[in-house]
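Since the structure comes first, as structure tokens, the remarks are kept for the end.
As the structure lists them, so they are numbered: ligands from 1, and atoms in each ligand from 1. The first residue in the sequence is number 1, and the count goes up from there.
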Amino acid sequence: MPGIPCSVDELKPPAEGQLARIENGRLIVPDNPVVVFIEGDGIGPEIMASARKVLNAAIEKLYQGKRKIVWWEMAAGEKAVRECGKLLPEATVEAIRMTRLGLKGPLTTPVGSGYRSLNVALRMLLDLYSNIRPVRYYGQPAPHKYADKVNFVIFRENTEDVYAGIEWPAGSQEALKILEFLKKEFGIELPKDSGIGIKPISEFKTKRHMRRAMEWAISHGNKRVTIMHKGNIMKYTEGAFRKWAYEVALEEFREYVITEDELWEKYNGQIPDGKILVNDRIADNMLQQIITRPWDYEIIVTPNLNGDYISDEANALVGGIGMAAGMNMGDLIAVGEPVHGTAPKYAGKNVINPTAEILSGVLLVADFMGWREVRPLVEYAIKKAIANKIVTYDLARHMPGVEPVKTTEYTDALIGFIKEADLAEVLGNQ
Ligand code: NAD
């Protein structure tokens, strides 16, 4: 599409919108904020079209023209190659930095492109250090007996841990040099054919991540924040993550926080109103606990790798990837992004489930921008569609006798439910 800016000089936000701004360390979102969107590759254009329509309909219903998103398209991935001759134009990164608000579809990273992953590059360039993945049940077919009890928000650190990409193949000059160094300096002898990966976890990055999780818990009225770690074994990385996370909770949020000891010593096992229980679980136990006792967990704060494992497991409990939303957040900047990829074999077929992209938009608009009413309204429409068996193929195949609808039909059904919703009832139930 002509008109997508490629270079920073061409950036001109749409005149009918205003940019979110920072005042006294807080994000001020105007009633007509400019929000960058990136369609993405594969199924991206279909799910992004659906997400924008559903969000616009919910905002119109709730605020009747008083609030409106002004969408601003930027390119990344294959579209950016077509439009700008490169996978990730500077203009795209700068536009998100400028607006502080973005919603993206999934992106393909071509092999040999020079990027390990385009998504990771975008997160790193914008320092979007916390990946937030809510896992909820909307009545979809789900394999777990307690699926209706699942309601977690996983906070996964985005920028360090073994995922930071510091690694070298076995036999490479770098790997051999490190093996030599370990032997010479520390007397540690490892097999010569070892690949080497480095797992950095720092105090600064752990603490800023935990801060976002605590702020989320306070602003959303959550009662439990659990630190997930493997600190019993990896003491100075995962163990330190646990220690630093507790320090943030106890030093910066003490008025809200009770510990597990205090819960039993002072409160007889009941979390008092206005308090948040901050506890920790070792990673392997945590992976069991969300299955056996999902009701005991609300916010789960983890380093990168644990977060990867637990979010897939948690999403499986409630029925899969087409519903799995995400958002990447930094200091007063956020980009919504579904957990799934570009699903290339379904691209252009109008069959895919757009719910994950829609809910990623809800994270941005309701939870980050603070237009809170958008969440219950959109969730109401999703629940209603599922209850009425209006679902795409991925859910229909687990619902005997149900014919799948097209992506666009599902989108129209959601918009219909939003338009007809009795707001007093939908918002009153919150
Ligand atoms: P994928 O998530 O794209 O698809 C795997 C399968 O999951 C699909 O074949 C489909 O059966 C199902 N699926 C995914 N999304 C769905 C939806 N919305 N509705 C219904 N079913 C859905 O994973 P993949 O095949 O491993 O990766 C394909 C491409 O996506 C790769 O190039 C990968 O790099 C990229 N990717 C991008 C992101 C991102 O942009 N954040 C994330 C993961 C993968």
Check whether [X] reaches the backbone of [Y] with its side chain - one donor and one acceptor, N or O, closer than 3.5 Å.
X	Y	value
S219	E215	yes
N306	A283	no
E83	A75	no

- Query: K345 to ligand 1: N or O pair under 3.5 Å?
  - Reply: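 By distance alone, the answer is no.
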- Task: Kindly assign one of parallel, tilted or perpendicular to the pair F241 and H209, based on the angle between their ring planes and the thresholds 30° and 60°.
- Result: tilted
- Going by the angle between their ring planes, with limits at 30° and 60°, are H144 and Y146 parallel, tilted or perpendicular?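 Perpendicular.
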Look at [atom] and say which protein heavy atom is nearest, naming residue and atom and giving the distance to 0.1 Å.
atom	value
atom 20 (C) of ligand 1	Y393 OH, 3.4 Å
atom 17 (C) of ligand 1	I352 CG1, 3.3 Å
atom 3 (O) of ligand 1	A343 N, 2.7 Å
atom 43 (C) of ligand 1	G341 CA, 3.5 Å
atom 15 (N) of ligand 1	H340 CG, 3.2 Å
atom 32 (O) of ligand 1	T108 CG2, 3.5 Å
atom 28 (C) of ligand 1	T342 OG1, 3.6 Å
atom 35 (C) of ligand 1	L107 O, 3.7 Å

- Task: Determine the minimum heavy-atom distance between I299 and A213, stating which atoms define it.
- Result: CG2-CB, 4.3 Å
- Query: Taking non-hydrogen atoms only, is N353 closer than 4.0 angstrom to ligand 1 via side chain, backbone, both or neither?
  - Reply: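 N353 to ligand 1: contacts from backbone and side chain alike.
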- Region of E357 that comes within reach of ligand 1 [heavy atoms, distance under 4.0 Å]: neither
Numbering as shown, the atoms of ligand 1 that approach [X] to under 4.0 Å (heavy-atom distance):
X	result
V339	42 (C)
D394	20 (C)
E337	41 (N)
I321	7 (O), 12 (C), 13 (N), 14 (C), 22 (C)
K104	40 (O)

- Query: Would you say the side chains of S7 and E10 form a donor-acceptor pair under 3.5 Å?
  - Reply: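 Per modelled atom types, S7 and E10 side chains form a pair under 3.5 Å.
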- Side-chain donor-acceptor pair under 3.5 Å between N328 and N158, yes or no? yes
- Which value, rounded to the nearest 0.5 Å, describes the distance between L125 atom CG and E94 atom CD?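 Answer for the CG-CD pair, L125 versus E94, is 10.5 Å.
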- Point-to-point distance, once rounded to the nearest 0.5 Å, from OH of Y380 to CZ of F417: 7.5 Å
- Is Y236 atom OH crowded by more than 12 heavy atoms from other residues, nucleotides or ligands, each under 6.0 Å away?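 Result for OH/Y236: open.
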Under 4.0 Å from [atom], do we find at least one protein heavy atom?
atom	result
atom 24 (P) of ligand 1	no
atom 9 (O) of ligand 1	yes
atom 30 (O) of ligand 1	yes
atom 5 (C) of ligand 1	no

- Whether D41 lies under 4.0 Å from ligand 1, heavy atom: no
- Task: Could you check which of V120, N119, I38 puts a non-hydrogen atom nearest to atom 41 (N) of ligand 1?
- Result: N119
- Query: On the ring face of F155, is R212 found with NZ or CZ under 6.0 Å from the centre and within 45° of the axis?
  - Reply: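 No cation-pi geometry.
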- Quick one: do K79 and E73 make a salt bridge, cutoff under 4.0 Å? yes
